Amino acid sequence: MLRMSKLFLKTLREAPADAEIASHQLLVRAGYIRRAAPGGFSWLPLGWEVFRNVENIVRDEMNKAGTQEVHFPALLPREPYETTGRWTEYGDNLFRLVDRKGADFLLAPTHEEMFTLMVKDIAGSYKDLPVSLYQIQTKYRDEARPRAGLLRTREFVMKDSYSFDLDDAGLDASYAMHRDAYITLFERLQLPYVIVSAMSGAMGGSKSEEFLAPMEVGEDTYIRCTSCDFAANVEAITTPVPDDQPLDGLRAAEIHDTPGTPTIGTLVEFINQDESMRRADGRDWSAADTLKNLVVTLKHPDGTTEPLAIGIPGDREVDMKRVEAVVAPADVEPFGDDDFKQYPALKKGYIGPGALGSSNASGIRYLVDPRIVTGTAWVTGADEYNRHVIDLTTGRDFTPDGVIEAAEVRDGDLCPACGSDVEIARGIEIGHIFQLGRKYAEALDLWVQGEDGKPLTPTMGSYGVGVSRCLAAVAEAHCDDIGLVWPREISPADVHLVMAGKDGSEQQRTAEKLAGELEAAGLRVLFDDRVKGSPGVKFKDAELLGVPTIAIVGRGIDADEPTIEVKDRKSGDREDVALANVVEHLVEVCAS
RNA sequence: CGGGGUGUAGCGCAGCUUGGUAGCGCGCCACGUUCGGGACGUGGAGGCCGGGAGUUCAAAUCUCCCCACCCCGACCA
């Protein structure tokens with residue numbers, strides 16, 4: 001039993017000024033957490049209780065799924081991460097430190113290497129696989145910008161698991177097992193979620209999905225369909241391809257002088273003012289009729305670079321995230337002035353398909369948006385300064401080298417699954433499942449002996465759930481203007497029992513007795529036994545703390561047939577229950 | 001890392017323009033009165049005014065530098 005008179009707790013009437021989002025404000029106001037460091041929080045008794053409840057649900061579901069719990073140090077030597085290249089790859093996000101002998105260490109951001117090495121150490125035969133292992137552990141990432149309370153911190157608790165299988169079918173099964181476990185887990189945490197595809201096809205066969213809790217305060221944007229249940233990351237969504245248009249009867253392309261039109265906006269305005277440049281159908285030109293061409297430099301992991309030209313409708317921006325997802329593992333860098341000097345065919349600001357493509361002047365690979373299909377006519381750069389070409393038609397006047405998903409996705413774009421409108425939404429990433437393949441096993445030389453005596457390299461999956469982040473997401477999803485509203489299984493108690501009476505009163509005697517009876521009946525009781533302070537203070541605190549059921553021992557006690565007020569925190573519904581029945585009643589309420 | 005904002009008591013804030021002994025509300029301590037929706041009275045405790053340098057007889061206030069935090073963006077297996 002937690003007694004408020006002794007509990008190490010102070011609630012705040014006002015939220016700290018640096019807390020912006022509801023979960024952060026309420027968790028601090030209710031005395032669950034305190035900020036202790038940039039991107040780091042301390043847990044107070046009630047907060048730690050809630051944390052452990054979340055952790056235990058995660059643990060329970062992982063155990064049920066058949067994965068086994070292990071535990072690693074967070075403080076690790078450089079070597080394994082050097083072997084896989086992540087000591088450098090992780091960049092500034094890795095916390096690095098040096099021991100007294102000058103050896104490099106890191107605070108682990110994730111543990112693929114260590115799990116791989118553990119399996120390498122223990123498993124020698126194909127008979128030892130498949131196996132899935134997990135840990136619940138503090139992770140460290142030197143985030144550029146911690147924010148939003150517990151949602152993005154530099155030290156956080158993550159459940160990370162890893163599967164080791166002999167073949168792709170086994171990996172698929174392990175992946176599906178984790179996916180199912182996560183679905184059960186998030187339902188049990190009462191966290192709303194959507195599952196979004198997280199990768200485009202460029203990474204080969206590897207598959208990855210994110211579990212997002214759809215909330216405005218989330219920092220991941222994703223695309224969801226307004227009519228079917230399609231959801232995907234912006235990187236993973238594909239643009240429905242329109243049908244090719246017939247080329248017969250289309251006007252010939254024509255080059256025009258277009259002085260003073262450095263932007264799409266000024267260009268459209270200019271050509272609409274000149275009758276000789278009318279569209280074939282008589283309508284005004286719009287930005288969507290223009291073809292904007294952009295050149296970037298791809299930097300491959302082996303250090304080589306390569307230019308890439310991207311053509312998209314002029315009413316859209318290029319989304320660098322999408323480009324990077326497509327060209328990964330290459331990095332994308334802007335095309336600089338020096339680069340332009342190397343390609344005199346490119347006239348900055350007036351680049352058109354005429355200069356692009358492997359068969360044209362520059363020889364630069366030219367990929368276009370999927371909407372740019374055969375038979376579509378465009379206004380685009382004429383590859384001469386201050387000139388544009390009108391009615392340049394795809395498949396007749398130019399042929400791109402291929403398509404690329406590079407254009408920004410917008411509200412109202414078409415759903416690849418059903419063709420309805422999609423919308424952009426935000427969510428909190430609460431889980432991520434990932435088919436890694438053999439990258440780590442190969443890098444760290446993990447193999448087991450097969451049935452035929454030959455070595456087999458296991459294929460891996462990695463699966464993460466942000467435990468502390470989930471807690472914040474639950475708080476965010478389950479609160480109102482006056483406080484938190486915990487799902488029962490996460491709540492620090494089943495019943496918040498309020499003694500609304502003076503020291504030495506009948507209320508006090510009854511509440512003391514009732515608290516003991518409730519606990520004996522198996523309920524977790526948070527007992528506000530404070531003798532000072534008005535009832536109003538206790539009611540406000542009970543609402544702020546968010547225990548799902550509040551029972552008040554107050555003036556109902558003075559009646560001939562004494563009653564206890566039982567209140568549902570979420571709905572606000574209250575009822576008077578006869579004292580004689582209240583234990584039974586509360587047991588029932590808490591079981592439902 | 002770029003843009004914007006804020007640093008004054010545990011929390012929320014005023015004071016800064018125009019330099020002159022640091023204030024308010026909540027919370028905290030003591031006593032008394034209250035006791036079903038954040039009670040009231042009286043008396044208290046608590047601050048290197050983010051840090052450093054400068055200007056000045058005098059700096060929370062003016063100047064410069066630094067730091068921290070928050071928001072937007074970039075970044076985020």
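Computation of the quantities below employed the complete heavy-atom set of this structure, encompassing side-chain atoms and omitting hydrogens, waters and symmetry-equivalent molecules. Keep in mind that this is a model prediction, so the values were computed, not measured. Within every chain, numbering begins at 1; the chains are lettered A, B, ... in the order of the sequence lines, protein sequences first and strands thereafter.
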Rounded distance in Å between the [atom1] positions of [N] and [M]:
N	M	atom1	result
B:C71	B:C62	P	27 Å
B:A68	B:U8	C1'	15 Å
B:G10	B:G51	P	13 Å
B:U63	B:U17	C1'	16 Å
B:C13	B:C31	P	33 Å
B:G46	B:C26	C1'	14 Å
B:C49	B:A59	C1'	11 Å
B:G12	B:C65	P	28 Å

Using Watson-Crick or G-U wobble geometry with both distances under 3.5 Å, which nucleotide pairs with [N]?
N	result
B:C40	B:G32
B:C69	B:G5
B:C16	none
B:U55	none
B:A74	none
B:A60	none
B:G25	B:C11

In whole angstroms, how far is the [atom2] atom of [N] from the [atom1] atom of [X]?
X	N	atom1	atom2	answer
A:Asp220	B:A77	CG	C1'	13 Å
A:Gln507	B:G36	CD	P	9 Å
A:Arg13	B:C28	CZ	C1'	13 Å
A:Phe95	B:C76	CZ	P	17 Å
A:Glu20	B:U6	CD	P	14 Å
A:Gln435	B:A77	CD	C1'	15 Å
A:His111	B:A77	NE2	C1'	14 Å
A:Arg86	B:C76	CZ	P	14 Å

Exercise. Keeping to residues at least two apart or across chains, list the salt bridge (Lys or Arg N to Asp or Glu O under 4.0 Å) pairs with something in residues 525-536 of chain A.
Key: A:Arg3-A:Asp529, A:Asp528-A:Arg530, A:Arg530-A:Asp541
Self-check item: Contact list for residues 543-561 of chain A, test salt bridge (Lys or Arg N to Asp or Glu O under 4.0 Å), sequence neighbours left out
Solution: A:Glu543-A:Lys567
Just to be sure I understand the rule, does [X] reach a base, reach only the sugar-phosphate, or reach nothing, if contact means heavy atoms closer than 4.0 Å?
X	value
A:Met499	nothing
A:Glu219	nothing
A:Arg29	base
A:Ala108	nothing
A:Pro109	nothing

Quiz item: Nucleotide by nucleotide, 5' to 3', does protein get under 4.0 Å of the base (B), only the sugar-phosphate (S), or neither (-) in nucleotides 8-13 of chain B, counting heavy atoms?
Solution: ---SSS
Self-check item: A:Gln135 and A:His111: side chain donor to acceptor below 3.5 Å
Solution: yes
Quiz item: Which is it for A:Glu113 and A:Thr84 under the side-chain hydrogen bond (donor to acceptor under 3.5 Å, both in side chains) test, yes or no, and what are the steps along the way?
Solution: CA-CA 8 Å; A:Glu113 284 82 353; A:Thr84 57; 2.6 Å; yes
Quiz prompt | RNA chain B contacts among residues 541-561 of chain A, heavy-atom distance under 4.0 Å | solution = A:Asp541, A:Glu543, A:Ile552, A:Gly554, A:Arg555
Quiz item: Is there a residue in residues 465-483 of chain A whose heavy atoms reach under 4.0 Å of RNA chain B, and which residues are they?
Solution: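 When residues 465-483 of chain A is checked for heavy atoms under 4.0 Å from RNA chain B, there are no hits whatsoever.
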Exercise. Classify the side chain of A:Thr110 and the base of B:A77 as holding, or not holding, a donor-acceptor pair under 3.5 Å.
Key: yes
Exercise. Test for a donor-acceptor pair under 3.5 Å between the base of B:G37 and the side chain of A:Lys567, counting only N and O atoms.
Key: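 By the distance-only test, yes, there is a pair.
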Quiz item: Where is the tightest heavy-atom contact between A:Cys470 and A:Val465, given as atom of each residue plus distance?
Solution: SG-CG1, 3.8 Å
Exercise. Please round to the nearest 0.5 Å and tell me the distance separating atom CG of A:Leu76 and atom CZ of A:Phe105.
Key: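 It comes to 8.5 Å.
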Backbone N/O of [Y] and side chain of [X]: donor-acceptor pair under 3.5 Å:
X	Y	answer
A:Lys120	A:Leu444	yes
A:Ser491	A:Asp494	no
A:Arg316	A:Ala406	no

Quiz item: Does A:Trp87 have A:Arg96 sitting over its ring (NZ/CZ under 6.0 Å from centre, angle to axis within 45°)?
Solution: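 Ring-cation test returns yes.
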Quiz item: Just to confirm, is there a sub-4.0 Å distance from OP1 or OP2 of B:C35 to any side-chain nitrogen or oxygen of A:Ser534?
Solution: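 For B:C35, OP1/OP2 do not have a side-chain N/O of A:Ser534 under 4.0 Å.
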Exercise. With RNA chain B as reference, determine whether A:Arg147 or A:Asn93 sits nearer its 5' end, using the nearest nucleotide of each.
Key: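 Taking each residue's closest nucleotide, the earlier one in sequence belongs to A:Arg147.
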Practice problem: Nearest-nucleotide wise, let me know which of A:Val537 and A:Glu112 is further upstream toward the 5' end of RNA chain B. | Solution: A:Val537
Exercise. Anything under 30° is parallel, anything over 60° is perpendicular, the rest tilted; go ahead and classify A:Phe72 against A:Phe115.
Key: tilted
Hey, are [X] and [Y] close enough for a salt bridge, meaning a charged N less than 4.0 Å from a carboxylate O?
X	Y	value
A:Glu317	A:Lys292	yes
A:Arg509	A:Glu506	yes
A:Arg154	A:Glu143	no

Quiz item: Can you list the residues that meet the salt bridge (Lys or Arg N to Asp or Glu O under 4.0 Å) rule with A:Glu79, with sequence neighbours excluded?
Solution: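 Listed in chain order: nothing, the list is empty.
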Exercise. Choose from B:G36, B:A77, B:C69 the nucleotide whose nearest atom is closest to any side-chain atom of A:Pro38.
Key: B:C69
Self-check item: Listed nucleotide nearest any side-chain atom of A:Glu143, set B:G38, B:G36, B:C76
Solution: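 Nucleotide nearest to A:Glu143's side chain: B:C76.
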